There are 2 protein chains.
Amino acid sequence: MIKENVKDRIISAASELFYFDGYNQTGINKIIEKAEVSKDSMYRHFRSKEAIAVVYLEQRHKAWITDMTNYLSVKPAGQERVIAIFDYLNHWLSQVDYRGCGFQNIITDIPKNQNSIKEVVRKCKDDMLRFILDELNKTSSESMDTKEISNEIMVLIEGAIMLSQIQKANWPLVAAKKACERLLK
Amino acid sequence: MIKENVKDRIISAASELFYFDGYNQTGINKIIEKAEVSKDSMYRHFRSKEAIAVVYLEQRHKAWITDMTNYLSVKPAGQERVIAIFDYLNHWLSQVDYRGCGFQNIITDIPKNQNSIKEVVRKCKDDMLRFILDELNKTSSESMDTKEISNEIMVLIEGAIMLSQIQKANWPLVAAKKACERLLK
DNA sequence: TTTAAAACGTACAGACTTGTCTGTTTTCTG
DNA sequence: CAGAAAACAGACAAGTCTGTACGTTTTAAA
């Protein structure tokens with residue numbers, strides 16, 4: 001079997017370690033060991049550890065949005081699809097032992113100067129908010145303030161992910177879905 | 001002015017650094033420098049860095065609950081008080097540049113074996129959920145499932161805190177309050 | 001005043017951190 | 001086949017990390 005190229009192996013290894021062990025718990029030596037590349041190669045592909053994290057987040061976001069969109073594609077467009085986001089979260093998070101969101105987990109504890117990471121996280125969250133707003137605008141009545149409701153649903157999503165990680169249980173996801181349903185009535 | 005005792009100075013310094021800089025960005029040397037104590041003294045009071053974090057979280061929770069309870073005491077007991085939690089969050093978080101919740105920030109990225117920290121975080125969150133439930137039970141009609149609604153409000157709280165830190169803005173807090181008001185109708 | 005307790009200053013230990021560098025090897029391309 | 005590119009192995013640098021230890025000083029208590 002053809003070995004993945006060096007750059008992809010680095011991102012793949014880093015993604016796994018950053019997400020499951022934590023960004024700060026993951027050193028460069030752990031990454032190169034798991035990726036089976038040399039340190040010099042790694043630094044020829046990425047300027048710094050922060051640069052690796054930025055690519056990790058960007059790729060993670062793309063993959064996540066794609067996975068979620070695929071999951072939701074069997075649902076009718078609009079409000080039902082938005083409600084089903086919580087089913088998707090439940091499906092995904094139960095598979096990773098409620099380890100939570102890679103973006104939330106990284107932004108809470110990084111060196112002050114690693115602003116690229118903050119920018120990427122913010123951008124990806126904006127993207128998700130836009131997704132919700134677009135879906136709501138497909139089926140909502142003119143009288144509904146979809147902008148406002150999108151913000152509320154976004155807060156539910158972020159909270160459900162964080163709280164399910166803290167409690168290592170799915171009840172926050174279930175509660176969030178119910179709240180979402182009632183907010184959309 | 002009488003200098004605070006050693007133990008309190010350690011916790012005070014550690015609390016500031018853990019919260020604003022991050023648990024992983026804070027080394028033992030930073031703590032003892034800020035606290036103006038020797039390393040040996042520090043280790044005579046606390047078995048480990050993790051032990052310091054546990055005390056930090058416990059004391060932070062007590063202070064936070066007290067501060068919040070004082071803030072809310074001008075509100076009538078029950079639902080209005082629960083809704084006003086979001087005003088309190090806004091008041092507090094705008095003062096700390098939306099740095100978020102010390103508990104969320106620490107639980108996302110710690111060494112796997114530091115279970116004491118996870119236990120304390122979980123316990124404090126359970127405490128907060130109980131506070132919400134108790135308040136709701138003061139004024140809610142018998143037909144309201146206060147247990148369910150408490151869970152939903154708890155999710156809103158956690159989400160608003162996390163999202164306002166990501167975005168460095170208060171709109172998630174405002175949105176969460178509105179969602180809370182509508183859920184309580 | 002004396003003794004004990006508490007605290008200090010700092011060296012030390014061993015491990016880990018990010019990042020750089022150099023000679024060598026392997027792979028790719030013309 | 002030869003040369004360039006890519007990758008490698010691993011030493012090195014300088015710093016930081018948590019935690020221990022020891023002789024000394026300061027403070028508290030009897």
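The shown structure was predicted, so the numbers you read here are calculated from the model rather than taken from an experiment.
Counting all heavy atoms, side chain and backbone alike, A/Cys180 lies closest to A/Val82 at SG-CG1, 4.3 Å. The shortest heavy-atom contact between A/Ile31 and A/Ala13 is O-CB, 3.9 Å.
Relative to the six-membered ring of B/Phe46, B/Lys7 meets both conditions, a distance below 6.0 Å and an angle of at most 45° to the axis. Because its NZ or CZ atom is not both nearer than 6.0 Å to the ring centre of A/Phe18 and within 45° of the ring axis, A/Lys49 does not count as a cation-pi partner of that residue.
In this entry the distance linking CD of B/Glu36 with P of C/dC8 reads 10 Å, nearest Å. Here the P atom of nucleotide D/dA6 and the CD1 atom of A/Ile10 are 14 Å apart, to the nearest Å. Atom pair A/Arg9:CZ and D/dA6:C1' shows a separation of 12 Å (rounding to whole Å applied). Rounding to whole angstrom units, CD of residue A/Glu33 and P of C/dC16 are separated by 11 Å.
The distance from the CG atom of A/Asp109 to the OG1 atom of B/Thr26 is 7.5 Å, given to the nearest 0.5 Å.
A donor N or O paired with an acceptor N or O is not found under 3.5 Å between the base of C/dG9 and the side-chain atoms of B/Lys39.
By the salt bridge (Lys or Arg N to Asp or Glu O under 4.0 Å) test, B/Glu16 is found to be paired with no residue, residues two or more places apart in sequence or in another chain being considered. Applying the salt bridge (Lys or Arg N to Asp or Glu O under 4.0 Å) test to A/Lys138 and every residue at least two apart in sequence or in another chain returns A/Glu135.
Between the side chains of A/Tyr88 and A/Asp67, at least one donor-acceptor pair of N or O atoms lies under 3.5 Å. Checking A/Thr108 against B/Thr108 by side-chain atom types alone, a donor-acceptor pair falls below 3.5 Å.
Contacts classified as side-chain hydrogen bond (donor to acceptor under 3.5 Å, both in side chains) and involving residues 55-65 of chain B (residues at least two apart or in different chains) are given here: B/His61-B/Asp127.
Axis angle across the helix from C/dT1-D/dA30 to C/dG30-D/dC1, with five pairs used at each end and values rounded to 10°: 10°.
Salt-bridge formation is detected for the pair B/Asp40/B/Arg44: a Lys NZ or Arg NE/NH1/NH2 atom is positioned less than 4.0 Å from an Asp or Glu carboxylate oxygen.
Contacts between residues 17-32 of chain B and DNA chain D, defined by a heavy-atom separation under 4.0 Å, are made by B/Thr26, B/Gly27, B/Ile28. Less than 4.0 Å separates DNA chain C from at least one heavy atom of each of the following residues of residues 40-56 of chain B: B/Asp40, B/Ser41, B/His45.
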